[in-house]
There are 2 protein chains.
Amino acid sequence: MTEITGTGDPARSMALLWRESEPAPRGRGAAAGLSVDRVVTAGIALADTEGLGALSMRRLATDLGVGAMTVYTYVPGKAELVDLMVDAVLGEMADLYTPVSDDWRARLEAVARANWSLYERHPWLLHVAASGRPPLGPGVMAKYELELRAVDGSGLDEVAMDAVVTLVDGFVAGTARGVVEQAAAQQATGISEAEWWAATEPFVARVFDAEAYPTVARVGPIAGEAQQAAYDPRRAFEFGLTRLLDGIAVLVEGTNRS
Amino acid sequence: MTEITGTGDPARSMALLWRESEPAPRGRGAAAGLSVDRVVTAGIALADTEGLGALSMRRLATDLGVGAMTVYTYVPGKAELVDLMVDAVLGEMADLYTPVSDDWRARLEAVARANWSLYERHPWLLHVAASGRPPLGPGVMAKYELELRAVDGSGLDEVAMDAVVTLVDGFVAGTARGVVEQAAAQQATGISEAEWWAATEPFVARVFDAEAYPTVARVGPIAGEAQQAAYDPRRAFEFGLTRLLDGIAVLVEGTNRS
DNA sequence: CGTCTAGCCGTACACTGTACGGTAAGGAGC
DNA sequence: GCTCCTTACCGTACAGTGTACGGCTAGACG
């Protein structure tokens, strides 16, 4: 259920991403009204509502009202389809973020929260390995541009600007992943987070050796009580974001001082 | 290819994790010498060498020299097997980290690097969604204890100690994921990172609109040149770790001042 | 020696992505 | 209006997956 971007032929992928050589529909295709865009949109809708696990070529074809193999007329394979879906969806970033402040820190925080919203809208993004070889289409470019602008004018050089944006994006992805994983576990088991914790905690208490793990014995219960679970991703997001921005501020101040 | 921990029956899982009620082997099993431990060890070996994608019940059974369904005698299902593998492997953290300094920052940095090594040894860990409902076995406990000790004595309260450890663990997982994703893309395509970038870059140059994305046009080439790729996870790790520790230092100093 | 238990495993089901080859519908040229 | 050709469409097949079910049999116990 993990898809990897950038595994198709680069030339073909780039042509698709930028919608080069989309021919005027001829032949039977015109009747069905099918197109790359419609395929991609249907794929996104399916992944949004039922998860990336439900995105099979057969199911997608059924949703589109065509036979399974017909989808391959518009898209070389599932890998390229996912590339297109990712690029399209990252392009939505522009709707989620509008720069307001002239303070880099406020802008960067807004970028982080917009990314968080993106993962809320499209949780399946976290099941796609896109950081290594991102689909360099218009959506990715627009998102990257917008994020770079947030740190532009802070005094950081170009390499640091890129590194800061990458750091914030990665942080948000990591904490958002926590939300998605908990939701997936709940879906897979039918047991809520609280129920699971209630069922597991007694065993922890029984089997636990407070002498072997004294620090866990001290910290665990307090942290567990505060979160009502083994892990609270939303709390982790708020806590981590402040630390991260503090750390970036140290860099910015150091840069502007010298 | 993404597995989710904590999806089995909590009682059964906890009993397995702590190896309760492992009966003295009777019947034919004694001859084959099979046990939960041997199954788990074989699973880890398989995942280490060929990846989590190669870990199928049939393949594991073949490696153990038994029929496919025999594995189910020792382990309720694949989900529980993965739980056991994760706990066993996180227990190795104790071999990778030995506390030396009495400076919390040095200790926390060592924890981060030990986590990085853990993912180098067992990249498949990143294909397991374990943060939501971690397998609370001896390995997880040992790792958590060790990490909490690193920040103990820094002046932070218990809730903050847990949050800091969670933050660092999540950061390392995110950057390590970059390495694993790039390796997976290379394996899937047979094309190296440099070759992919060389094949893609001309298309970027051709299709790219410097007026639409002026900041990308300025920053992208400089960052790309510095990394020789779209993304360099090792660089991101070193850069991010410093920012993160700086940000945590701000918190520690603030706590100790008041 | 008889019985019973527990380890072992063959078969089956509903899925997956996609290679291959066949069918037929629409546009172009006359 | 007829023919031809391009191209969209799609049925079938293959090698996989996790695991429910039920049958077999080897060893332990009375």
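In what follows, chains carry the letters A, B, and so on, assigned in the order in which the sequence lines appear, proteins first and then strands, with residues in each chain numbered from 1.
One can place CZ of A:Arg59 at 16 Å from C1' of C:dA14, the figure rounded to the nearest angstrom. Atoms CG (A:Leu60) and C1' (C:dT18) sit 14 Å apart, rounded to a whole Å. A:Lys78 places its NZ atom 14 Å from the P atom of C:dA19, with the value rounded to the nearest Å. Between the CG atom of A:Leu52 and the P atom of C:dG17 there is a distance of 10 Å, given to the nearest Å. Distance CD (B:Glu50) to C1' (D:dG16): 15 Å, rounded to an integer number of Å. Note: CD (A:Glu3) to C1' (C:dT18) measures 14 Å, nearest angstrom. For A:Leu46 and C:dT16, the CG to P distance is 11 Å, given to the nearest whole Å. Rounded to whole Å, the distance from CE on B:Met57 to P on C:dA12 is 21 Å.
A:Arg58 contributes a side-chain N or O that forms a donor-acceptor pair with the base of C:dT18 under 3.5 Å.
A side chain to side chain contact (heavy atoms under 4.5 Å, CB included) with B:Met85 holds for exactly one of B:Leu55, B:Val128, B:Thr41; it is B:Leu55.
Counting any heavy atom pair closer than 4.0 Å across all strands shown, A:Leu55 reaches sugar-phosphate atoms only and no base atom.
Salt bridge B:Glu181/A:Arg133: absent, no basic N to carboxylate O contact under 4.0 Å.
In this structure, of C:dG17, C:dG7, D:dC9, it is D:dC9 that holds the atom nearest to the side chain of A:Leu34. The A:Tyr72 side chain lies nearest to C:dT18 when the options are C:dT18, D:dG18, C:dG7.
Aromatic pair A:Tyr213/A:Phe208: centroids less than 6.0 angstrom apart.
Side-chain nitrogen and oxygen atoms of B:Ser56 include at least one within less than 4.0 Å of the OP1 or OP2 phosphate oxygen of D:dT17. Regarding contacts with the backbone of C:dC9, a side-chain N or O of B:Thr70 is found under 4.0 angstrom from either OP1 or OP2. At the phosphate of D:dC9, OP1 or OP2 sits under 4.0 Å from a side-chain N or O atom of A:Tyr74.
In this structure, a donor-acceptor pair under 3.5 Å is present between the side chains of A:Tyr144 and A:Asp162.
Toward the 5' end of DNA chain C, the nearer of the two residues A:Met69 and A:Gly53, judged by each one's closest nucleotide, is A:Gly53.
To the nearest 0.5 Å, atom OH of residue B:Tyr74 and atom CG of residue B:Leu64 are 9.5 Å apart.
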